Amino acid sequence: MLLMWLLVPLALATVVGAALLYPFGHEQKTGAEIGLHQTPVEAVVTGVAANCGEKCVAVTVRMTDGAASGQSVTIPSVKGPGAPSFQVGDEVVLSYAGSQPQAAESYQIVDFQRGWSLAVLALLFAAAVLLLGRWQGLAALGALLLSFVVLVLFVMPSILAGENPLMVAVVGAGLIMFMVLYLTHGISARTSTAVLGTLVSLALIGVLGALFSAVSKLTGLDEDTTNLVTLLGTDIDTRGLLLAGTLIGALGVLDDVTVTQTSAVWELRRANDKLTWRELFAAGSRIGRDHMSSVVNTLVMAYAGAALPLLLAISLAGRSMGEILTAQQIAQEIVRTLVGSIGLVAAIPVTTALAALVAVRQEVAPIAQPVSQPDPEPEPEPEPKTVKRAAKPVKPEKPRPARIEGDLFTGYDPDKGPWERPSEPRARRAASARPAPPARRRSSGSP
């Protein structure tokens with residue numbers, strides 16, 4: 001109930017903010033309307049000849065769309081280090097900026113077509129997610145698609161229409177967070193705890209970003225931003241655009257941290273329901289420390305990798321390390337990295353504390369045991385097969401010797417003459433009249 005009272009107003013505020021910031025009825029000018037006279041045209045390379053100069057190569061292409069579809073033109077291209085290399089069969093993109101579609105001077109090779117390679121990579125990514133996550137992986141792919149929808153259909157149009165970039169980023173991040181977490185992990189107290197921890201961390205990142213951008217006097221005007229402002233011809237808060245990029249860039253990593261910490265606390269609670277709030281918080285914090293070091297390093301490397309060409313270009317200027325780090329282009333990346341890292345570090349204790357408070361008040365669900373199957377009936381034993389064998393020949397029985405009776409104590413005295421079998425009455429009288437034999441003498445060793 002506490003989570004509901006905290007999150008429902010925030011969710012309603014996010015929806016209301018999206019409705020207020022969305023540019024309903026605004027038609028954004030594009031292409032030639034804002035001074036962009038280049039039109040992309042797809043083509044295929046049909047020939048390459050090095051006959052136009054020492055540092056030039058003549059590339060013959062056949063256009064597959066546009067006003068001169070099916071026609072071929074020869075376009076000179078730069079040859080040398082850093083220049084693209086063309087081969088017959090390459091699919092390229094031309095820039096058409098003239099009034100004569102058949103003239104080669106109206107075209108320029110600007111890029112390669114790479115739609116099919118990106119589509120194959122996307123299919124491999126989806127297959128890997130579905131193979132490991134199954135139904136939850138399918139929900140994660142749906143959440144990823146919704147994130148792109150929010151960025152393309154809400155964040156970008158709202159900023160181009162002149163709305164405050166920071167406010168747009170806050171509302172957009174809230175939409176993405178609510179949809180992604182609840183769609184991927186379901187509606188539960190565990191997910192609500194992760195959502196609340198993410199909101200607190202995002203608020204901290206926004207406050208620190210605004211503070212240190214103002215203190216460091218960051219303008220947010222780099223080469224790309226300057227070109228954007230020039231094309232639009234409208235007043236855009238470039239510093240707010242910098243902060244918006246910081247929030248959106250940190251959101252994905254924040255989701256990872258808060259969901260992991262919440263799941264860890266819930267599993268600790270299920271493993272031992274006797275743990276108190278302090279013990280749950282201590283155990284979850286130990287897990288979070290290991291997670292924190294890897295996550296902060298990931299964020300730093302992500303920003304450094306994105307700014308690597310800029311770092312190389314500035315290092316060639318012969319400037320000192322202090323001058324390089326305090327330059328506008330590098331300083332804004334440093335502010336993004338450090339502010340985002342502080343938000344990530346703060347998310348661990350905040351989310352762990354919230355999860356421990358909620359988990360100790362929730363009944364522990366018993367771990368599902370596998371359903372025992374009845375023992376299968378034993379299969380009947382096969383009947384033994386009778387093997388007919390040849391009958392053995394019957395051997396003739398030997399005659400049994402006659403039974404001899406006599407006195408077993410006195411034996412037979414050969415001096416009395418030949419032994420004769422006594423008759424039955426006489427044998428019984430002799431046995432009764434015969435004295436008992438003397439007792440045997442025991443050895444001296446017997447007791």
Side-chain angles (χ1 to χ4, degrees), residues 23 25-123 145 148-149 151-162 165 221-236 238 241 245 306 309-310 313 329:
H26 176 76
E27 294 182 2
Q28 180 61 47
K29 297 179 180 180
T30 58
E33 298 175 346
I34 61 173
L36 296 176
H37 300 286
Q38 287 82 9
T39 303
V41 176
E42 295 182 355
V44 179
V45 177
T46 57
V48 179
N51 56 2
C52 64
E54 182 180 355
K55 295 183 179 181
C56 178
V57 60
V59 182
T60 303
V61 297
R62 179 174 52 84
M63 289 172 282
T64 57
D65 66 350
S69 179
Q71 299 184 12
S72 297
V73 293
T74 301
I75 304 172
S77 179
V78 179
K79 177 183 178 181
S85 177
F86 299 100
Q87 297 179 357
V88 176
D90 288 344
E91 297 179 345
V92 295
V93 178
L94 309 179
S95 175
Y96 172 66
S99 58
Q100 298 179 357
Q102 290 77 19
E105 295 80 10
S106 302
Y107 297 94
Q108 184 181 0
I109 302 176
V110 294
D111 205 351
F112 289 93
Q113 298 180 37
R114 52 183 65 91
W116 67 269
S117 59
L118 295 180
V120 171
L121 181 59
L123 289 177
L145 180 61
F148 278 108
V149 169
L151 291 175
V152 174
L153 299 184
F154 172 72
V155 175
M156 294 170 58
S158 299
I159 294 177
L160 292 176
L221 284 172
D222 53 12
E223 183 179 356
D224 295 333
T225 307
T226 303
N227 293 335
L228 175 64
V229 173
T230 304
L231 288 174
L232 291 177
T234 58
D235 187 14
I236 293 182
T238 55
L241 194 60
L310 181 61
Q329 295 88 345

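All values derive from a computational prediction rather than experimental measurement. We number each residue from 1, following the sequence as shown.
- Under the rule for a ring-ring contact (aromatic ring centres under 6.0 Å, His included), the partners of Y107 that lie at least two apart in sequence or sit in another chain are Y96.
- Between the side chain of D65 and the backbone N or O of V41, no donor-acceptor pair lies under 3.5 Å.
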Atom pairs and distances, side-chain donor-acceptor, residues 152-161, under 3.5 Å, sequence neighbours left out:
| residue | atom | partner | partner atom | Å |
| --- | --- | --- | --- | --- |
| S158 | OG | L21 | O | 3.3 |
| S158 | OG | F154 | O | 2.7 |

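- For E105, the side chain to side chain contact (heavy atoms under 4.5 Å, CB included) test picks out A103, with sequence neighbours left out.
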For residues 109-120, which side-chain N or O atoms pair as donor and acceptor with protein atoms under 3.5 Å away, sequence neighbours left out?
| residue | atom | partner | partner atom | Å |
| --- | --- | --- | --- | --- |
| D111 | OD1 | R114 | NH1 | 3.1 |
| D111 | OD1 | R114 | NH2 | 2.9 |
| D111 | OD2 | R114 | NH1 | 3.1 |
| Q113 | NE2 | A43 | O | 3.4 |
| Q113 | NE2 | V92 | O | 2.8 |
| S117 | OG | R114 | O | 3.0 |

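- Atoms CZ and CD, on R62 and E42 in that order, are 12.0 Å from each other to the nearest 0.5 Å.
- Closest non-hydrogen pair, M63 versus P101, comes out as CE-O, 4.3 Å.
- Within the structure, the ring-ring contact (aromatic ring centres under 6.0 Å, His included) test picks out no pair touching residues 47-84 (sequence neighbours left out).
- Among residues at least two apart or in separate chains, there is no ring-ring contact (aromatic ring centres under 6.0 Å, His included) pair with a member in residues 39-76.
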For residues 67-91, dump all side-chain donor-acceptor pairs below 3.5 Å to protein atoms at least two apart in sequence or in another chain.
| residue | atom | partner | partner atom | Å |
| --- | --- | --- | --- | --- |
| S69 | OG | T64 | O | 3.3 |
| T74 | OG1 | T60 | OG1 | 3.2 |
| D90 | OD2 | Q87 | N | 2.7 |

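- Applying the ring-ring contact (aromatic ring centres under 6.0 Å, His included) definition to pairs two or more places apart or across chains, none involves residues 56-77.
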Query - Derivation and outcome, side-chain contact (heavy atoms from CB on, under 4.5 Å), residues V59 and V61 - result: CA-CA 6 Å; V59 182; V61 297; 3.9 Å; yes

